[in-house]
Amino acid sequence: ENIPILLRHRVIVTTRLQAKKLWSSPPACGRLDTNEAYIKSLGSANEVYILGKKVKDYVRHPIIAPSVNAVAETFRLAADNPELGTATSQLTNSKVNRFTHVCVSVDDVVAQSKMQRELGQRTGVCFQRCVGMDAINACWTVTYRMDAKHRTEYHLRFQEFVKYIQKYNLVTSGAMTDGKGDRGKPPAAQPEHYLRIVDRKSDGSVVLRGSKWHQTGTLNSHYMIVMPGQRLSPNETDFAIACAIPVDHPKLKYVVGRQSCDTRSTESTSFDVGNCYYGGQESVILFDDVEVPASCIFMNGEIDFATELVERFTAYHRRSYVCKAGVGDTVIGAAAEIADINGVANASHVKDKLIEMHFLNETIWATGIAASHSSKKTDAGSYEPDTTLAQICKHHVTRIPYEIARLAHDLAGGLVATLPSDADFNHPEIGDLLSRYVQASKSADDRRRILRYIESITLGRNAVGYLTESMHGAGSPQAQRLVLAKYADFQSKRTAAKRLAGCKDTETPPLPPCSSKS
């Protein structure tokens, strides 16, 4: 059992130069300074499957293209609003995209949240870069702490990787979620359901086999950061792997997941899509004996840091669900617009429902921005959101978007689910009649478009990002409750209560100055 560890340490001496050499050559796409350059840089993944077909030009595929546009918006934001979309790197002392930045102050963490809300408003979907951003920040601290304990050089390797990503403005994703199989069994009992090391080579490289699931936007990235997804036992060192892998590695296969109403994007009209410009995208990644060089490995068997990496990642990523406040802004806006179109905007109960939606949405924002403002400095010099407040933000997100969606349905009316297709509205015999009957205080086209937007984000393709992802992304609700239980100091709360109640086993508090009782 000690052989892999001894082998790993024997080759560490050589990886310092290997890391610098690996990241010294520019990528084929060069530096990406514009959203157009970003889009042109994509398309080199080896095998991509969509709806049972192997697709070569997947970037322009109508199901994938809206998700590419959403990532491209992060480049537009950096150009439009550099104060929000960029930061000064402590590694290069130059301006970099904020999604590639390691937070070195509370202000940096707060700016992440503000950027995420802005992009939620701009796109109305998941813009796919938060997992990579949060993986960069979590790995920064954990690699530093592993080196301090195990005398490894993971942190140096990771620095070289981050400098490369920053220098060329590349997009990273994060791959954490395994298939898990039977949840009642650990990884060692069902290794085929987890990404794992199947071979360790003498030069320090490893070979990975398995899969990662629910991978948001990986096809729209240049590198993925692979991470373990749970606590591991001493006999599970093969599952403790963190590394960087190019998305176009020849031994990777991608299977794009289905989304409700996804084939509407393949139709000739945008009317029935709902969101005309942006969409999300998830895929299953199949690792067919993928070889990873030592210089790209940031954890290799250190099971004692697997849980810490997961917890630090989720402190960032559960706070990152503050983006749903930005998406929620668009749902509230659509609900207000459809109420106006329907001629009921001034009804008191309609106003009250809109206020309720606003109240709920700002609750997400309040807990997320509070977690960012309460960030603390780590051993590695980076800043990390408050763990407890991050859980509370995400736990609210597992509930609130569903209630906002329900209220949007209430205000939209039944037509949100029964509206005829655009083909019917363009039919030479019935189209004019349909338009005449659908028209309200505004045109039939405007009413249809707003109804389709509400349908898409609450029932259709983009409900994946607004609802299901809100439930299960960054961990299902119980995952947040487990962390809350770990850090909830109930004993101090009991002591405070007993002290004020005058219980005998606690110190009696001093009397208030204004009290006349003895």
Side-chain angles (χ1 to χ4, degrees), residues 8 15 19 22-23 45-46 128-143 146 152 154-155 157-158 160-162 164-165 170-180 187 191-201 204-232 236-255 282-303 305-310 312-314 316-317 474:
R8 182 172 69 251
T15 59
L22 177 68
W23 305 116
N46 187 46
Q128 306 155 59
R129 294 192 69 178
C130 299
V131 181
M133 176 181 72
D134 298 336
I136 285 173
N137 278 273
C139 288
W140 182 268
T141 303
V142 174
T143 55
M146 276 193 291
T152 49
Y154 296 133
H155 192 61
R157 300 180 194 174
F158 193 69
E160 295 300 320
F161 169 68
V162 174
Y164 184 81
I165 294 298
L170 304 179
V171 175
T172 59
S173 65
M176 178 171 278
T177 306
D178 296 287
K180 297 185 178 71
E192 67 278 7
H193 290 293
Y194 291 81
L195 185 67
R196 62 206 182 276
I197 299 170
V198 294
D199 189 20
R200 287 183 169 90
K201 297 182 177 293
S205 63
V206 300
V207 177
L208 303 182
R209 185 183 302 162
S211 61
K212 289 289 185 179
W213 292 72
H214 323 308
Q215 295 308 298
T216 300
T218 302
L219 269 179
N220 301 335
S221 305
H222 303 101
Y223 282 86
M224 71 176 83
I225 301 174
V226 168
M227 297 170 284
Q230 65 185 69
R231 179 182 61 83
L232 298 171
E236 294 175 331
T237 55
D238 287 343
F239 305 93
I241 178 68
C243 58
I245 302 176
V247 168
D248 61 358
H249 193 289
K251 291 298 188 75
L252 291 173
K253 297 178 176 67
Y254 300 87
V255 185
E282 284 77 30
S283 61
V284 180
I285 308 175
L286 305 176
F287 293 73
D288 183 18
D289 289 358
V290 174
E291 186 169 345
V292 182
S295 50
C296 294
I297 297 172
F298 316 128
M299 174 188 286
N300 185 358
E302 289 80 8
I303 58 167
F305 281 93
T307 300
E308 180 176 331
L309 180 54
V310 172
R312 289 187 183 276
F313 171 76
T314 56
Y316 286 103
H317 200 49

Within the structure provided, determine whether [X] and [Y] are in side-chain contact (heavy-atom separation under 4.5 Å).
X	Y	result
Q230	V310	no
N220	V171	no
K212	D178	yes
F287	V226	yes
D238	P191	no
E236	P228	no
V247	T218	yes
C243	V206	no

Within the distance-only criterion (no hydrogens, no angle test), does the side chain of H155 pair as donor or acceptor with the backbone N or O of T143 below 3.5 angstrom?
no
Report the distance from atom [atom1] of [X] to atom [atom2] of [Y], rounding to the nearest 0.5 Å.
X	Y	atom1	atom2	answer
N300	I197	CG	CD1	4.5 Å
H249	N46	NE2	CG	10.0 Å
H193	S211	NE2	OG	9.0 Å
E302	E308	CD	CD	12.0 Å
I285	W213	CD1	CH2	11.5 Å
T141	I136	OG1	CD1	12.5 Å

Considering all heavy atoms of both residues, which atom of [X] and which atom of [Y] are nearest to each other, and what is their separation?
X	Y	result
V292	C296	CG1-CB, 3.8 Å
S221	T172	OG-C, 4.0 Å
A135	M227	CB-CE, 3.7 Å
F161	A244	CE1-CB, 3.6 Å
R129	L170	NH2-O, 3.5 Å
A474	H317	CB-CD2, 3.4 Å

Matching residue for F298 among F305, W140, F158 - test: ring-ring contact (aromatic ring centres under 6.0 Å, His included):
F158
How are the rings of W23 and Y164 set to each other: parallel, tilted or perpendicular (split at 30° and 60°)?
tilted
Evaluate salt bridge (Lys or Arg N to Asp or Glu O under 4.0 Å) for R209 paired with D289, printing each intermediate quantity in order.
CA-CA 5 Å; R209 185 183 302 162; D289 289 358; 2.6 Å; yes
Start with the C-alpha gap between E291 and K201, add the side-chain angles, then the distance that decides, and say whether side chain to side chain contact (heavy atoms under 4.5 Å, CB included) holds.
CA-CA 10 Å; E291 186 169 345; K201 297 182 177 293; 3.5 Å; yes
